[in-house]
Structures are given as structure tokens and as C-alpha cells.
> 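Structure provided below as C-alpha cells; questions to follow.
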Number of protein chains: 2
Amino acid sequence: MTLNLTESKVQFLESLADRTRLRIVEALREREKTVSQLVQELGATQSNISGHLRLLKISGIIKSRQEGKYVYYSLSSSAIADFLTKLEDMLAVMRREALEGA
Amino acid sequence: MTLNLTESKVQFLESLADRTRLRIVEALREREKTVSQLVQELGATQSNISGHLRLLKISGIIKSRQEGKYVYYSLSSSAIADFLTKLEDMLAVMRREALEGA
DNA sequence: CAAACATATCATTATATGTAGATATAATTA
DNA sequence: TAATTATATCTACATATAATGATATGTTTG
């Protein structure tokens with residue numbers, strides 16, 4: 001079976017490789033939030049945030065639950081938070097190595 | 001604060017969020033390779049590969065050394081290989097959780 | 001020096017993507 | 001029920017990006 005892993009990696013990376021979406025995901029690291037909370041926190045338009053949330057949900061990065069007129073979004077897995085931590089650690093290592101001339 | 005961390009994360013993710021570039025980086029996980037080796041291995045045009053290598057180099061993801069008429073490219077840090085492993089592990093976890101209905 | 005080879009760059013074109021504004025849908029409250 | 005609030009969707013537009021073909025640069029070798 002020729003399961004193309006590369007494609008799914010690319011799709012995941014594309015989903016996070018946007019300033020607005022990455023900020024959304026980082027905001028959701030703290031706790032679940034509603035669309036309007038994210039709109040206010042990120043200072044973007046509602047339709048913009050809503051569109052990015054849709055994309056992140058399709059990618060499986062976030063999930064949502066409705067409570068009354070609010071929709072709460074959260075990370076779909078703690079593995080995503082771990083991954084973001086790993087990304088930060090890696091960038092720190094790269095910066096350090098670049099300074100050392102490694 | 002010099003550079004916003006979010007921006008550098010986005011830049012790094014953008015660099016890998018392309019099928020051709022990700023395949024290049026994965027090919028370089030094994031060992032350093034020349035442009036023509038990558039052209040043959042990936043089946044893309046030389047100018048295409050060259051352009052992507054340029055971008056990856058600017059992003060600090062790969063480095064190069066010239067030996068005669070060949071230019072060898074390699075990952076700039078083993079931290080990048082580790083990061084790719086983490087990405088794979090995370091996707092595996094997400095797939096498993098999705099099946100479990102977690 | 002000229003030919004062959006390896007790599008880089010440039011110009012063009014096609015496609016993808018992000019954004020805003022308008023509008024639709026749905027839940028809540030007066 | 002009407003008004004309000006929260007969220008989603010659609011359209012249009014501007015910009016970014018990837019791919020290609022042609023060409024330029026640089027290196028080796030006959």
C-alpha cells in the first residue's frame with residue numbers, strides 16, 4: 001500500500017504555516033475559546049477567523065462544541081501542543097547553533 | 001524583543017509546507033546530496049529544485065558546500081531531523097486518537 | 001581555448017491563498 | 001414575534017507562490 005505520508009505532513013504544516021492560524025492554535029493552547037474571544041484577542045475580522053477555524057478543523061487540528069449561541073474551539077489533541085513545544089525547542093537549538101557557528 | 005517568535009515559527013513552517021521542499025529535506029535526512037542527485041531522485045526540473053534549495057537555505061534549514069563542480073546540500077542541524085520525527089510521531093498519534101474517537 | 005557539465009537566476013504564467021464586506025443561519029432575549 | 005448576538009458562508013479582489021523555459025555563471029576536462 002502506497003500510503004503517501006508526505007502529503008499528510010504537508011497538509012498539516014500548511015495548516016499551521018499562516019500567522020493567523022498559528023496564533024489561533026497558540027491561543028487555544030491555554031484553553032478552549034469562542035470565535036468572538038479569538039476575534040477580540042487576535043484583532044481580525046470575524047469572517048477571517050471563522051474561515052481559518054474551518055480550515056483548522058478540516059485538517060483535524062482543532063475541534064468544536066456548541067454551547068448555546070457560542071461555539072467553543074479547542075485543540076483536538078494534546079499531541080499538537082507537544083508538537084508546538086518541540087518546534088520552539090528546535091528553533092532555539094538552531095539559533096544557538098547559528099551563533100556558535102556550528 | 002527583536003523578532004516575534006510567531007513570525008519565525010511561521011517562516012520555518014512555510015519553508016517545509018511544500019511537497020517538493022519537504023521531499024528535499026527528507027531526502028537529505030539520509031545524507032548530503034548534490035543538486036543533480038536531488039533532481040533525479042525527485043523527478044523535478046533543475047531550476048525548480050535549485051529554487052527550492054535557495055529558499056531552504058535562506059530559511060536556515062539546509063547548508064551547502066561546493067566540491068569541484070558539485071554543490072552538496074545537507075541539513076543544517078540534526079535538530080531538524082528530530083523535528084521531522086516528532087511530526088511523524090504526532091501524526092501517528094492523531095490518527096490513532098481519531099480512530100479511537102478520542 | 002572550447003566543449004561539456006553543474007548550478008543559479010530571470011521572466012512569464014498559472015494557480016492558490018488571504019482578506020474584507022455583505023449576507024445567511026441559528027440561538028437567545030426583550 | 002422582533003431584535004440582538006454569534007457564527008458561517010459567499011463573492012470579489014489582491015497578492016503570493018510554484019512551475020517552466022530560457023539564459024547566465026562557473027567549473028572541469030579534452
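A, B, ... follow the sequence lines: proteins, then strands. Residue 1 opens every chain.
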> Has B:T45 got a side-chain N or O lying under 4.0 Å from the OP1 or OP2 atom of D:dT20?
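For D:dT20, OP1/OP2 do have a side-chain N/O of B:T45 under 4.0 Å.
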> Given atom CZ of A:R23 and atom P of C:dT19, what is their separation to the nearest angstrom?
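In whole Å, C:dT19 P lies 10 Å from A:R23 CZ.
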> Roughly how many Å is it from CG in A:L42 to P in D:dT7, rounded to a whole number?
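About 13 Å, once rounded to whole Å.
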> Do B:Q46 and C:dA6 have a side chain to base donor-acceptor pair shorter than 3.5 Å?
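Answer no: no donor N or O sits under 3.5 Å from an acceptor.
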> For A:Y73, answer base if it contacts any base atom (sugar-phosphate contacts may also be present), sugar-phosphate if it contacts only those atoms, and nothing otherwise; contact means non-hydrogen atoms under 4.0 Å.
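Sugar-phosphate only.
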> How many whole angstroms separate atom NZ of A:K57 from atom C1' of D:dT7?
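Rounded to whole Å, this separation is 12 Å.
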> Specify the separation, in whole Å, of atom CD1 of A:I24 and atom P of D:dT7.
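Rounding to the nearest Å, CD1 of A:I24 and P of D:dT7 are 13 Å apart.
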> Using atom CD of B:Q40 as one end and atom C1' of C:dT7 as the other, report the distance to the nearest whole Å.
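Atom-to-atom, B:Q40 to C:dT7, this comes out as 16 Å.
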> Under 4.0 Å between a side-chain nitrogen and a carboxylate oxygen: does that hold for B:E32 and B:R65?
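Salt bridge flag = yes for B:R65 with B:E32.
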> Detail all sub-3.5 Å separations between protein N/O atoms and N/O atoms belonging to nucleotides 13-18 of chain D.
unit_1: D:dA18; atom_1: OP1; unit_2: B:R21; atom_2: NH1; d: 3.0
unit_1: D:dA18; atom_1: OP1; unit_2: B:R21; atom_2: NH2; d: 2.8

> To the nearest angstrom, how far is A:I49 atom CD1 from C:dA20 atom C1'?
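One finds 13 Å between C1' of C:dA20 and CD1 of A:I49, rounded.
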> Do you know the tightest heavy-atom contact between A:T20 and A:L42?
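In this case the closest contact between A:T20 and A:L42 is O-CD1, 4.1 Å.
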> So which heavy atom on A:V25 is nearest to which on A:L16, and how close?
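Between these two residues, the closest heavy atoms are CG2-CD2, 3.7 Å.
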> Give the intermediate values and the outcome of salt bridge (charged side-chain N to carboxylate O under 4.0 Å, His left out) for residues A:E14 and B:R21.
CA-CA 12 Å; A:E14 276 173 348; B:R21 284 195 295 276; over 6 Å; no
> Taking A:S50 for the side chain and A:Q46 for the main chain, is one N or O donor matched with an acceptor at less than 3.5 Å?
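Pair absent, no side-chain N/O of A:S50 close to backbone of A:Q46.
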> Starting at CG of B:L56 and ending at C1' of C:dT7, how long is that distance when rounded to a whole Å?
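Result: 16 Å.
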> Is A:K9 paired with B:E26 through a side-chain N to carboxylate O contact shorter than 4.0 Å?
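Looking at A:K9 together with B:E26, the answer is yes, because their closest N to O distance falls below 4.0 Å.
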> Mind checking B:S36 for me? I need base, sugar-phosphate or nothing, with any heavy atom below 4.0 Å counting as a touch.
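Sugar-phosphate, backbone atoms only, no base.
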> Could you give the OH-to-C1' distance, from B:Y72 to C:dT7, as a whole number of Å?
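Value for this atom pair: 14 Å.
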> Return whichever of A:S47 or A:Y70 has its heavy-atom-nearest nucleotide of DNA chain D closer to the 5' end.
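The residue closer to the strand's 5' end, by nearest nucleotide, is A:Y70.
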> Is it the case that A:K63 and A:S74 place a side-chain donor and acceptor less than 3.5 Å from each other?
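Result is no, nothing qualifies.
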